[in-house]
Every structure is written in structure tokens, then in C-alpha cells.
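Worksheet: the structure to be examined is printed underneath.
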Amino acid sequence: MTGRIIQTTGSWYQVLVDGKIITARLKGKFKLDRFDTTNPIAVGDYVSLETTERHEYVINEIHERNNYIIRQSPRNKHQRHIIASNIDIALLIVTISQPRTSLGFIDRFIAAAESFHIPVKIVLNKIDILKEKEREQVEYLQLVYNSLGYDVICSSTITKEGIDTIQNTLTNKTTLVAGHSGVGKSTLLNVINPELNLKTNKISEKWSKGMHTTTFATMFQLMENTFIIDTPGIKEFMMLHVEPEEVSGYFKEIRQFAKDCQFNNCLHQNEPNCAVKTAVEALKIAATRYENYLNIIENIKDINYWERK
Ligand SMILES: Nc1nc2c(ncn2[C@@H]2O[C@H](COP(=O)(O)OP(=O)(O)OP(=O)(O)O)[C@@H](O)[C@H]2O)c(=O)[nH]1
Ligand SMILES: [Mg+2]
Ligand SMILES: [Zn+2]
């Protein structure tokens, strides 16, 4: 039989099989050395199972992953930890106020998702509380991100604007739902499926001290064939363990113009005849996207500098 991992706790796995949750463990002879990761199996994995004579469920095979999000182990940077797999879409929930989501955060998240080959849509929630001058920021977000192919869905759990669109986006998919605390992730999911009864407006203890060593993701069913992956480790998700030269590959529009730079290792900072800089000056690339790209490069250089010391 086959199933899907919805939660992992130590050596036990919760697996969804034909709509029922069962508990399983790994087959004794499961080859761990095939993986350079700390965990052989992650939330979202499809697996094959068998039953033992004692009627226990045992996982004997993992099916190939479409994609996965991974981070370095906090204890050993040469080891990697898979957070979740087989994600169809990442839904980034943002708000312009209460709380404010920065464009830097949005671009970092998108770059990380691009690096994991996960398509992104942006939900701009709490649209009901916006003041007149904040509307301009809505237009800016729509202008910049829609044109890059990252849909911006305006929503409100109060007026119910955009809820149908979000529901259609989620249906029959596995969606990673992300965003700062307080943007309304749980409220939105409760509106779509009131039976969920997720806790809202509660300062989550996940962020309190002592929890940064473990990153666990959970998956739950929102509707039939529709899954939500919730990962408290979203901060780690955004840590791009990549080299500076790789970052432009994760900014669609920069990647496109970079082909015309004079140097093929151009970082688009201050190099001569840089087609990306020219495109920024000609307003073909949004200045905010370019700035956030440069910030990521600088961050990575800082991290690499301290790690090599
Ligand atoms: N005005 C307004 N308030 C909203 C909207 N959606 C959610 N809220 C409120 O925002 C607060 C936070 O909502 P939550 O759903 O708990 O936020 P969350 O993103 O799940 O937060 P964490 O679980 O901490 O990550 C609650 O008081 C909600 O009632 C909206 O569309 N408009
Ligand atoms: Mg919540
Ligand atoms: Zn360049």
C-alpha cells in the first residue's frame, strides 16, 4: 500500500493511507546511507508500506520527490535536514499593516522558493483595514509581482474578498502556507474550512527561546485532496545556503537580463557593462527588487566570510 507522511516524531511516522492516519516506522534494513541528510523521510513524502506479522505498519520505500525544502542542520553544517516535500505551491500571506511585511522579506521568500523549484503566489490580506495612502502600496505590489508571474490575490477574512480565489488556488494541491505571525494565516484557513478550528491571534510559543534547534513541519488536510503544510521553520527556509553567483538565478527578471552582461560571472553590483544595472536604470527591473537582490548577496558574503574565518 502507499501513503503520505503527515508528521514525523522521532522514529515514528504518521502516515495518511486511504483517508486514515496510521502510525508506522521504518523498515529495519532501510538504507539510510543513500541520503546525506539527518532525516530519511520528511512531511509530504509518498511512501510504500507493508504490514508485519504483528500487524504493525512498516515503511519500506520512499517515492521520488518532486521537490523539497531543505536546511542545514543547526548542529553540523555539513548535514542537511529536509523540512517538507512534494509542494505544489507556496502561498505567501502578507499584510501592509498590522503587521507590516517588508518587500525585502517577500523577495527573500520568493528567491528561496525559486531555489527549491516551488511556484509562489502572494496573498495580500487585511485589505479591509487599508487607508487611502496605503492603496498605492497595493498597486505597487500588483504591478511588480503580477508582471513577474507571481499572482497577487487581495483578500479579507472580514469582507470575504478574494476567499474564493484562494480556495480555488489551494484545491487539489499541497500548499505551503507562510508569512509573518499575525498576518491571518489561521483565520484564512478557518474561513475556507470552519471545521479546522485553528487557533488564531495567539502568540505562538514556537518562537520562544529554545525551539530553534528543531524545525518540524506538519501537514493537514484542508479539503479532500487538498493539503496544507505548516512549517514554523520559515526563517530557516529563507536562509539561502547558496553562493552569491547563484542568487541572480532566483530573480526571474535579473536572470533574464544577466545574459547580456559583459562578464559571465557578473554579480551586477559595480561591474562595467552590466545589463542588469542598465535595465534597472531604464525601469525595466523594479528598483526594490534589485536592492533586495543586492542585500541578499551582501548577506551571503557576510555569512561566508565568518564561516571561513
Ligand atoms: N482586519 C482584519 N483582520 C484580520 C484579517 N484576517 C485575520 N485578521 C486578524 O488578525 C489577527 C491574527 O490572525 P491569525 O490568523 O491568528 O494570524 P496567523 O498568521 O495565523 O499568526 P500565527 O499563527 O502567529 O503565525 C487575528 O486577530 C485575526 O482576527 C482580515 O482580513 N482583516
Ligand atoms: Mg496561526
Ligand atoms: Zn551584470
Side-chain angles (χ1 to χ4, degrees), residues 66-72 77-78 80 87 89-92 94 96 100-122 124 135-153 176 178-180 234-309:
N66 272 331
N67 57 26
Y68 51 84
I69 54 179
I70 196 164
R71 70 176 174 93
Q72 282 182 333
K77 71 182 182 106
H78 299 292
R80 303 185 339 141
I87 300 161
I89 184 165
L91 207 61
L92 180 61
V94 305
I96 285 173
R100 172 171 176 75
T101 307
S102 70
L103 292 176
F105 179 84
I106 295 174
D107 287 336
R108 243 165 212 286
F109 182 87
I110 292 176
E114 287 284 343
S115 78
F116 297 124
H117 310 286
I118 303 169
V120 177
K121 285 183 201 275
I122 298 167
L124 178 45
R135 296 256 153 207
E136 280 169 27
Q137 296 176 48
V138 176
E139 281 164 31
Y140 184 81
L141 278 173
Q142 286 174 321
L143 185 75
V144 171
Y145 294 96
N146 278 333
S147 67
L148 290 170
Y150 306 116
D151 291 350
V152 178
I153 305 165
L176 178 89
H180 285 318
I234 207 66
K235 288 228 165 97
E236 275 121 344
F237 171 67
M238 295 198 300
M239 286 295 282
L240 297 170
H241 291 286
V242 297
E243 293 301 320
E245 309 81 71
E246 294 172 69
V247 178
S248 64
Y250 307 138
F251 280 73
K252 282 184 187 176
E253 71 283 45
I254 294 178
R255 178 169 71 208
Q256 189 199 327
F257 285 101
K259 295 185 198 111
D260 299 322
C261 292
Q262 181 177 344
F263 301 107
N264 61 11
N265 61 349
C266 187
L267 284 178
H268 325 300
Q269 291 177 302
N270 292 305
E271 297 89 339
N273 299 321
C274 170
V276 170
K277 281 201 85 165
T278 309
V280 174
E281 280 151 23
L283 308 179
K284 289 176 183 161
I285 292 176
T288 55
R289 290 272 295 166
Y290 177 62
E291 275 163 33
N292 292 332
Y293 159 81
L294 292 178
N295 287 338
I296 293 175
I297 301 262
E298 286 305 321
N299 264 332
I300 293 171
K301 282 185 175 171
D302 285 349
I303 292 167
N304 287 353
Y305 174 80
W306 288 109
E307 282 183 350
R308 275 166 201 157
K309 253 183 116 86

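Keep in mind that this is a model prediction, so the values were computed, not measured. As a basis for the values below, the full set of heavy atoms in this structure was taken, side chains included, without hydrogen atoms, waters or symmetry mates.
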> Which residues pass the side-chain hydrogen bond (donor to acceptor under 3.5 Å, both in side chains) test with Gln137, sequence neighbours left out?
Replying inline: Arg100
> Stepwise, does the side-chain contact (heavy atoms from CB on, under 4.5 Å) test hold for Phe116 with Ile87?
Replying inline: CA-CA 10 Å; Phe116 297 124; Ile87 300 161; over 6 Å; no
>> Holding to ring-ring contact (aromatic ring centres under 6.0 Å, His included), I want the full list of residues that pass it with Tyr145, two or more places apart in sequence or in another chain.
In response: none
> Quick one: side chain to side chain donor-acceptor pair (under 3.5 Å) pairs with a partner in residues 255-264, sequence neighbours left out?
Replying inline: Gln262-Asn273
> Quick one: side-chain hydrogen bond (donor to acceptor under 3.5 Å, both in side chains) partners of Lys252, sequence neighbours excluded?
Replying inline: none
> Can you name the residues that form a side-chain contact (heavy atoms from CB on, under 4.5 Å) with Asp151, not counting sequence neighbours?
Replying inline: Lys121, Asn146
> What heavy-atom pair brings Val280 and Ala287 nearest, and what distance separates the two atoms?
Replying inline: CG1-CA, 4.4 Å
>> Test of understanding: with salt bridge (Lys or Arg N to Asp or Glu O under 4.0 Å), list the residues that count as partners of Glu114, not counting sequence neighbours.
In response: none
>> Just to verify, what does Glu245 make a side-chain contact (heavy atoms from CB on, under 4.5 Å) with, not counting sequence neighbours?
In response: Glu243, Leu267
> Closest heavy-atom contact between Tyr250 and Ala111?
Replying inline: CB-O, 3.5 Å
>> Is there a side-chain contact between Leu124 and Thr101 in this structure, where contact means two heavy atoms from C-beta onward sitting under 4.5 Å apart?
In response: no
>> I'd like to check the side-chain contact (heavy atoms from CB on, under 4.5 Å) partners of Asn66; sequence neighbours left out, ordered by chain and number.
In response: Asn86
> Looking at side-chain heavy atoms only, is the closest gap between Phe263 and Pro272 below 4.5 Å?
Replying inline: yes
>> According to salt bridge (Lys or Arg N to Asp or Glu O under 4.0 Å), does anything in residues 279-298 pair up with another residue at least two apart or in another chain? List the pairs.
In response: Asp107-Arg289, Glu253-Arg289
> So do Ile285 and Tyr293 actually touch side chain to side chain, heavy atoms under 4.5 Å?
Replying inline: no
>> Checking Gln269 against Leu294 for the side-chain contact (heavy atoms from CB on, under 4.5 Å) test, could you report, in this order, the C-alpha distance in whole Å, the side-chain angles of both residues, the deciding distance, and whether it holds?
In response: CA-CA 7 Å; Gln269 291 177 302; Leu294 292 178; 3.8 Å; yes
> Quick check: are there more than 12 heavy atoms from other residues, nucleotides or ligands sitting under 6.0 Å from OH of Tyr68?
Replying inline: no
> For Ile122 and Tyr150, which heavy atoms make the closest approach, and how far apart are they?
Replying inline: CD1-CB, 4.5 Å
> With sequence neighbours left out, what residues match Thr288 under side-chain hydrogen bond (donor to acceptor under 3.5 Å, both in side chains)?
Replying inline: Tyr140
> What residues form a side-chain contact (heavy atoms from CB on, under 4.5 Å) with Ala258, not counting sequence neighbours?
Replying inline: His268, Val276
> Taking it one step at a time, do Ile118 and Ile69 satisfy side-chain contact (heavy atoms from CB on, under 4.5 Å)?
Replying inline: CA-CA 9 Å; Ile118 303 169; Ile69 54 179; 3.5 Å; yes
> At their closest point, which heavy atom of Cys261 faces which heavy atom of Ala275, and how far apart are they?
Replying inline: SG-N, 3.4 Å
> Where do Ile106 and Leu92 come nearest, in terms of heavy atoms and distance?
Replying inline: CA-CD2, 4.0 Å
> Mind checking whether Val144 and Leu103 have side chains closer than 4.5 Å, heavy atoms only?
Replying inline: no
